[in-house]
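Comments concern the structure below.
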Amino acid sequence: MNFSRLCYTAVFLLTLCLLPQRFLFAETKSADVVVYGATPGGFCAAIAAAREGATVILLEPTSHVGGVNTGGLSFSDSNQTVRSTVMGLFDEWHRRIEDDYRSRGVELPYDVSVKDNSVWTYEPHVAMRVTLAMLKEAGVEVVTQRPLKSVRKEGATIVEIETADGNFAARTFVDATYEGDLMAAAGVAWTIGREGKADFGESLAGKRYPKGKMKISGFDDQGNLLPLVTTSDPGGENAGDDRVMVYSFRLCLTSDPANRVPFPKPDHYDPARFEAVRRYAKSGGTRFGIDLYPLPGNKFDGNNSIGGQFSLGLVGACNGWSEADAKRRAEIFEAHRQYTLEFYQFLTTDPAVPEAMRKKYAALGLCRDEFADTEHWPPQLYVREGRRMQGMHVVSQDDILENPAKDDPIAVSSFPIDSHDCQRVAFDDGTVADEGTIFPVRMPGRRHGYAYHIPYGAILPHGKECDNLLVPVALSCTHVGISSIRVEPTWMILGQSAGIAAALAAKDGIAVQKLPYERLKGRLLEQGQVLDLPQLPELPKPTTMASIPKKSLPGIVLDDTDAKLTGDWSHSTNFKPNVERGYLHDEAAGSGGAVATFELKVPKSGKYQVNMAYSAHPTRAKSVPVVIRSGGNEVRWTVDQTKPLPSGSTFREIGKISLSANSTTVISIRNEGTDGFVILDALQLLPVEP
C-alpha cells in the first residue's frame, strides 16, 4: 500500500471514530407515517392511515401492543357514552371481538349492533388477538421496544426520530403515547397537572373533596404523616397544581380453580403501611377494596374504585411519570405493582378487614391464560392522565358543558367528566380526605355525559412549533377536559381521525395545520366516523323540575318533612329533582344517632310495595338501614343509595311487606353503621294487587 493510500485510510478510519454512533450503526427506516405509541389511539391511527394508502410504521417503546385495551382494561367505558357516536374503528374492533367469541360458540351478554348503555366486556387475550389481526390486515409494520432518544428537526418539521434501536423517518408523525413523549421531545409546548378555577373559568377546577372526610387522624404518634397519606398542605381551594389523577393496574382475576394462579407475594409486606386503612375500617368505614366487573371466561376486571377511600390507586406515586426516563418509569411501575400486591395481602389477611371481605378477595387470583409473558401480571400501567399539549384549541369545561358545537369536529365525545383522586390530605382536626375526585358529570336522567365536539385544532400543535405532528392522546385540553376525554373509546376515535389526517397531509406534502378541513371531513365519514352531535330521544318523563309535589304522586307518599327527626340532619337542594322542597342528609356521620321515624295508618290491610326516593351518587351510603313494623310484622332492609334510580323514575323499589290497617305502621331510617351520606327524601307505599 503506497503512502497516500495509507494516509487516506487513516483519515477515513479517524473520521469514522469521530462520527456519532447513530450514523455508524443506526439504520433509518422510512414510511409515509410513523405512529409513536401502540396505545389504542396509536393502533387506530396506524390502521386508519394504512387504509388511506399510506405506508405506516407503528413504534412502541415497550414490548406491549395495545395499551390498557389489551393490558387489563376489559370493561368498555363506552357504556357511559352516546354509543351511536362512538363508531369507526372502535365499533369495528368490538364487532370483531364479538365475532371471535361467536366463532367459538360463546354468546356474549350484549349485542354490539344495539347502541344502548349495556356493558361490553371481553378478555385481554381476545382483545390482543383482534388488535394484532387488524394491524396485520392493514399492512402496518409494528416495531416494539423502541424507546425514543431524540428528535431531529429542520425548522418546524420533524425529519426523523432516533430510538434505542434504529432511526425512523416519515413525512408525518403521530404521537399516540399516553405521556406525550414525542410531542415533548419535538419542542411542542405542553403542561401537566391541574388548572386553577380562574385559568379557564372552570367550576370543576381547583381542589375538590366530594367524598367527605374520614374521621381518622392522618398522623402517627410523632406527628408524621401516615403511609398512604400524601400531604397536610393541599394548597389553595381555587388554585391549580402539578398533580395528576391516580394510576393503577387493571387486574384480570378469576376464582376458577382450573385457571387461577395465586397472587404473587410482595417483595416486602409491612402491615404498618396500611395503618390509615386500618383506622378507617375500625371507625366503621367500608369503602375500601377493589371494584370488580364480571368478564367472559369466568373472570373479573379489577379496577380502582373512584368512590372508595382506599383502593388500587397509589395516590401521589404517579406524579413525575410522564417526565421520567425509561429507568425511572420502570421504578414507578414496580412501586405500583408492589403496592397492589401489598394491598391484596392486607385485604386478605388483616384482622381489621371484615372476614367476609377477606374471604371474597382470597378466592381470587391471576389468570393462567392471560399475560403469560409477564407471569400473568398486566403489562400496562393505567396512565389516566399525562402531559397535555398546549395546542391550537384547548378543550375546557366550557367546550363540554356550554359550547359543544365546533366547525372542525373530528370526534364526538360524551363520557362524563370524571377524575380519580389526586392527593390524600391529613387535616389538623383529626380527619383525612381524598382530594381531586370529580364524580361523573352526567346529563340529568341519562347514563352518559354531555355530547360535544372535539375539534381538529385540539390535536394540532402551533405551526411554528411543529408542522408535521398530530397528538390525539396527549391532546390540547385542561385537566377538567381530559377528565372526560381520557377513556379509550374516545382516544380510539381520535386516533383514527389523526391517522387519516396524517395520511392525507403526507400524500399532499403539506403541513398538518394546512390540511383543508372539508377534505379531512370527507375521509373521516368514509371511514365510519360520526361528526354530528346526537339528537337524543326524549326521556320517559321530565326530570328537570326542581321539586315534585306529593299530591302529584300515586299511593301513600311520606316526605322528609313528615318524619320525626332525632340527631343531626342537614337540609339540601343540591341534587334535583326531589320530592317537595329538598331533602335531608346526615353529613356522612355514620353515628347511628340520626334517626327519621314515620308513623301512618294504611287505608286497607294487604301487601304494599315500598319505594324510596333519593339522589344516587358514589358518595352515598351503601347500606342504609330501614325497619318497618306493622301489626306484629317486622322487616329489616338495607338500601344501597349509590345505585341509580330507574331511568325517568322518582323512586326505586326497596321491598314488599304486608301492612295492617288496624294498627299504626312505623318506618324508621337511621345512619347506624353507614359509610357515606344517608339521603332522606321520600318514601312511597303502593298497594300490590292480589
Side-chain angles (χ1 to χ4, degrees), residues 22 26-50 54-71 131 135 138 140-153 156-188 190 321-326 329 380 383 386-389 391 459-461 465-476 488 491-492 494-503 505-506 512:
R22 62 187 289 270
E27 175 191 359
T28 298
K29 299 189 70 173
S30 298
D32 296 327
V33 176
V34 165
V35 179
Y36 185 70
T39 63
F43 71 69
C44 285
I47 293 168
T55 56
V56 182
I57 298 174
L58 175 60
L59 298 176
E60 167 56 33
T62 72
S63 60
H64 176 70
V65 173
V68 290
N69 266 27
T70 58
T131 300
L135 287 165
V140 175
E141 181 180 355
V142 181
V143 186
T144 60
Q145 296 181 301
R146 297 299 192 277
L148 182 66
K149 293 182 67 177
S150 65
V151 173
R152 185 165 71 88
K153 295 173 67 179
T157 304
I158 300 174
V159 176
E160 66 176 4
I161 63 176
E162 179 189 8
T163 74
D165 187 7
N167 297 347
F168 297 86
R171 295 179 180 180
T172 313
F173 291 82
V174 177
D175 181 352
T177 60
Y178 292 120
E179 300 85 1
D181 288 340
L182 178 55
M183 166 191 74
V188 172
W190 56 273
W321 166 275
S322 290
E323 307 94 313
D325 59 16
R329 283 186 188 171
Q380 175 71 54
V383 178
R387 295 183 182 96
R388 302 189 307 279
M389 179 172 63
I459 67 171
L460 293 176
E465 294 177 345
C466 193
D467 60 13
N468 67 334
L469 175 67
L470 296 138
V471 187
V473 178
L475 73 165
S476 179
E488 266 54 32
W491 275 332
M492 289 173 79
L494 283 170
Q496 181 177 1
S497 296
I500 295 170
V512 293

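- Using modelled atom types, no side-chain atom of Arg387 and backbone atom of Ala474 make a donor-acceptor pair closer than 3.5 Å.
- Pro461 is not listed as a side-chain neighbour of Met183, based on a closest heavy-atom distance of 4.5 Å or more.
- Side-chain contact between Val151 and Phe173: absent, with no pair of heavy atoms (C-beta onward) separated by less than 4.5 Å.
- Atom CD1 in Ile47 sits 11.5 Å away from atom CD1 in Ile500 (nearest 0.5 Å).
- Judged by distance alone, with hydrogens and angles left aside, the side-chain atoms of Lys29 form no donor-acceptor pair with the main-chain N or O of Gly166 at under 3.5 Å.
- Remark: Trp190 CH2 to Glu465 CD distance equals 13.0 Å, nearest 0.5 Å.
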Please evaluate residues Val512 and Asp467 with respect to the criterion side-chain contact (heavy atoms from CB on, under 4.5 Å), reporting the C-alpha separation (whole Å), side-chain torsions for both, the decisive distance (0.1 Å), and the verdict. CA-CA 6 Å; Val512 293; Asp467 60 13; 5.6 Å; no
Step-by-step side-chain contact (heavy atoms from CB on, under 4.5 Å) determination, Asn69 to Met492: CA-CA 10 Å; Asn69 266 27; Met492 289 173 79; 3.4 Å; yes
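- Atom-to-atom distance recorded for Thr70:OG1 and Glu488:CD is 10.0 Å, nearest 0.5 angstrom.
- Residues Trp491 and Leu475 have side chains in contact (heavy-atom distance under 4.5 Å, counting atoms from C-beta outward).
- Between the Ser476 side chain and the Gly391 main chain, a donor and an acceptor come within less than 3.5 Å of each other.
- Taking every heavy atom of both residues into account, Gly41 and Val473 meet most closely at CA-CG2, 4.3 Å.
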Worked check of side-chain hydrogen bond (donor to acceptor under 3.5 Å, both in side chains) between Thr177 and Asp175: CA-CA 6 Å; Thr177 60; Asp175 181 352; 2.7 Å; yes
Applying side-chain hydrogen bond (donor to acceptor under 3.5 Å, both in side chains), run through Asn468 and Thr172 and close with a yes or a no. CA-CA 5 Å; Asn468 67 334; Thr172 313; 5.9 Å; no
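- Contacts of Ala169 classified as side-chain contact (heavy atoms from CB on, under 4.5 Å), with partners at least two apart in sequence or in another chain: Thr28, Ser30, Glu160.
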Evaluate Leu135 against Val65 for side-chain contact (heavy atoms from CB on, under 4.5 Å), listing each step before the verdict. CA-CA 10 Å; Leu135 287 165; Val65 173; 4.1 Å; yes
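- Legend: residues meeting side chain to side chain donor-acceptor pair (under 3.5 Å) with Thr62, ordered by chain and number and at least two apart, are Glu60.
- In terms of modelled atom types and a separation under 3.5 Å, the side chain of Arg329 and the main chain of Trp321 share a donor-acceptor contact.
- Side-chain N or O atoms of Tyr36 include none that pairs as donor or acceptor with a backbone N or O of Ile161 at under 3.5 Å.
- Taking every heavy atom of both residues into account, Glu162 and Leu148 meet most closely at O-CD1, 3.6 Å.
- Shown here for Ala46 and Val140, the closest heavy-atom pair between the two residues is O-CG2, 3.5 Å.
- For the atom pair CD of Glu179 and OG1 of Thr39, the computed distance is 9.0 Å after rounding to the nearest 0.5 Å.
- Between Ala45 and Val174, the shortest heavy-atom distance links the atoms CB-CG1, 4.2 Å.
- Interatomic distance, CD1 of Ile158 versus CG of Leu469, reported as 4.5 Å (0.5 Å rounding).
- Counting all heavy atoms, side chain and backbone alike, Gly37 lies closest to Pro61 at CA-CD, 4.5 Å.
- The minimum heavy-atom distance linking Tyr178 with Pro40 is given by the pair OH-CD, 3.3 Å.
- Summarising the geometry, atom CG belonging to Asp165 is positioned 10.0 Å from atom NZ belonging to Lys149; distances are rounded to the nearest 0.5 Å.
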